[in-house]
Amino acid sequence: MAKLLDIPRKTLVGCNLREILLHPLLKRSTKRVILRLHKEMILKRNVYYEFQDKDGKHLLVSFTYGDQMNGDFLISVKDVSEYKQIEQTALQNDKLAMLGRIAAAIAHEIRNPLTSIRGFIQLLRPYLMQLGKEEYARIILTEIDRANDIIFEFLNSSKPSAPMKKSVSINRLVQEVILLTESEALMRNCDIQLETYENEDDLMVSIDVKQIKQVILNIVKNSIDAIESLQEARRGRIDLVVRSDGQFAEITLKDNGKGMDKATLARLFDPFFTTKEAGTGLGLSVSYRIIRNHGGSIRVDSTEGSGTSFVIYLPLAE
Ligand SMILES: Nc1ncnc2c1ncn2[C@@H]1O[C@H](COP(=O)(O)OP(=O)(O)O)[C@@H](O)[C@H]1O
Ligand SMILES: [Mg+2]
């Protein structure tokens, strides 16, 4: 309790609630928490109260009183952050399992009609040629092939199967993704910057290159969208930083786009959750799955109106 209140133990022993509240060393923010607790527990008679402290730790306060206690209260505080995290992951896993099933079903259903369309276009081709419109057939075929590719990619990444792993330099991979998106970003008024550390040039990770590229692309595209939908004249910026903590490669992607409110943050990784008119809401849920299949994790931090940062952790290759 002394640690929680950030007051030396000696000066706390024997204090009643009033004395604690008037304690000269008590921080104002802590005092506010105690007053809130007091309201919840003593006035409203709730036996449990959960809150997050300033470091983001989840604390569960339980409160006992009764006839045998002669009007005294027993208050205990427990750090339940780890439990919370496990609970969150379990929830996410359920959603992902559902996503996998729906996606596989939809993809399968779309593939069949695409195959017959493709076949009939090929049959029509000679007639189109006679009309001098062979170009139409070519466009239709490439577009169908593209749609097929997308479905294939998606099935690939939403399947729970183990990724096809290869040892690659994470810096080089990130650079390649930047090359892919740079022109689109510039066209839509954003600069992309990559910051790497010289000695970490050969930070190796064992990954499925296609899948991880897809994840980084998804996040960068979201950033570009978030910057574009901000109706301000500020220049968009996406900063990528690659570094390591010895065990994991850490890829940070930070944008100065519109950020997210709490409700969006809470549902971000849900399959089919989107706030965009033409969004699919699949980008982040697929990305989450891919990273988890690699034994890594993703973290998000966002401030409404000023920007968002995603951090991807991937285990370093042995
Ligand atoms: N960088 C970002 N800034 C603001 N909002 C974001 C960002 N990335 C994701 N989001 C929010 O998360 C939602 C889900 O993203 P995603 O799964 O990629 O689906 P989609 O891009 O199709 O909407 C987006 O609709 C958006 O509201
Ligand atoms: Mg997206």
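Counting starts at 1 for both ligands and their atoms, in listed order. Quick note: residue numbers are just sequence positions, from 1.
Looking only at protein heavy atoms, the nearest one to atom 26 (C) of ligand 1 is Thr275 OG1, 3.4 Å. Asp255 OD2, 2.9 Å is the protein heavy atom nearest to atom 1 (N) of ligand 1. Given atom 23 (O) of ligand 1, the protein heavy atom at minimum distance is Thr274 OG1, 2.5 Å. Remark: minimum distance from atom 7 (C) of ligand 1 to any protein heavy atom is reached at Met260 CE, 3.8 Å. The single protein non-hydrogen atom nearest to atom 21 (O) of ligand 1 is Lys276 NZ, 2.7 Å, given as residue, atom name and distance.
Close contacts between ligand 1 and Phe273 involve ligand atoms 14 (C) [criterion: under 4.0 Å to a heavy atom]. Atom numbering of ligand 1 starts at 1 in the shown order; those under 4.0 Å from a heavy atom of Ala226 are 2 (C), 3 (N), 4 (C). Residue Leu268 has at least one heavy-atom neighbour below 4.0 Å for each of these atoms of ligand 1: 9 (C), 10 (N), 11 (C), 12 (O).
Remark: distances from the non-hydrogen atoms of Gly281 to ligand 1 include one below 4.0 Å. The closest approach between a heavy atom of Thr264 and any atom of ligand 1 is below 4.0 Å.
Checked against a 3.5 angstrom limit, the closest N/O atoms of Asn222 and ligand 1 fall inside it. The shortest N or O to N or O distance between Asp225 and ligand 1 is not under 3.5 Å. Checked by distance only, ligand 1 and Leu284 come closer than 3.5 Å through their nitrogen or oxygen atoms.
Side-chain atoms of Thr264 and Asp261 form a donor-acceptor pair, as typed in the model, at a separation below 3.5 Å.
In this structure, the side chains of Thr11 and His23 come closer than 4.5 Å at one or more pairs of heavy atoms. By the 4.5 Å heavy-atom criterion applied to side chains, Val209 and Leu173 are counted as neighbours.
Protein N/O/S atoms closer than 2.8 Å to the Mg ion (ligand 2), listed by chain and residue number, are Asn222 OD1.
Take Asp6 and apply the side-chain contact (heavy atoms from CB on, under 4.5 Å) test, not counting sequence neighbours, and it matches Lys27.
A salt bridge does not link Asp301 with Lys254: none of the charged nitrogens is closer than 4.0 Å to a carboxylate oxygen. Taking the charged nitrogens against the carboxylate oxygens, Lys258 and Glu304 have no contact shorter than 4.0 Å, which rules out a salt bridge.
Taking a 6.0 Å sphere around CD of Glu50, one finds it holds more than 12 heavy atoms contributed by other residues, nucleotides or ligands.
For residues 217-226, every residue pair satisfying the side chain to side chain donor-acceptor pair (under 3.5 Å) rule, not counting sequence neighbours, is listed here: Arg188-Asp225, Asn218-Ser287, Asn222-Lys276, Ser223-Asp255, Asp225-Lys276.
Aromatic pair Tyr48/Phe63: centroids not less than 6.0 angstrom apart.
Hydrophobic clustering keeps Leu4 apart from Val80 (ILVMFWY residues linked when any side-chain heavy atoms are closer than 4.5 Å, directly or through intermediates). Clustering ILVMFWY residues whenever any of their side-chain heavy atoms sit less than 4.5 angstrom apart, transitively, puts Met204 in a cluster other than the one holding Val242.
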Under 3.5 Å, which donor-acceptor pairs link side chains of residues 36-44 to any protein atom two or more places apart or in another chain?
from	atom 1	to	atom 2	distance (Å)
Arg36	NH1	Tyr49	OH	2.8
Glu40	OE1	Asn46	ND2	2.8
Glu40	OE2	Lys44	NZ	3.4

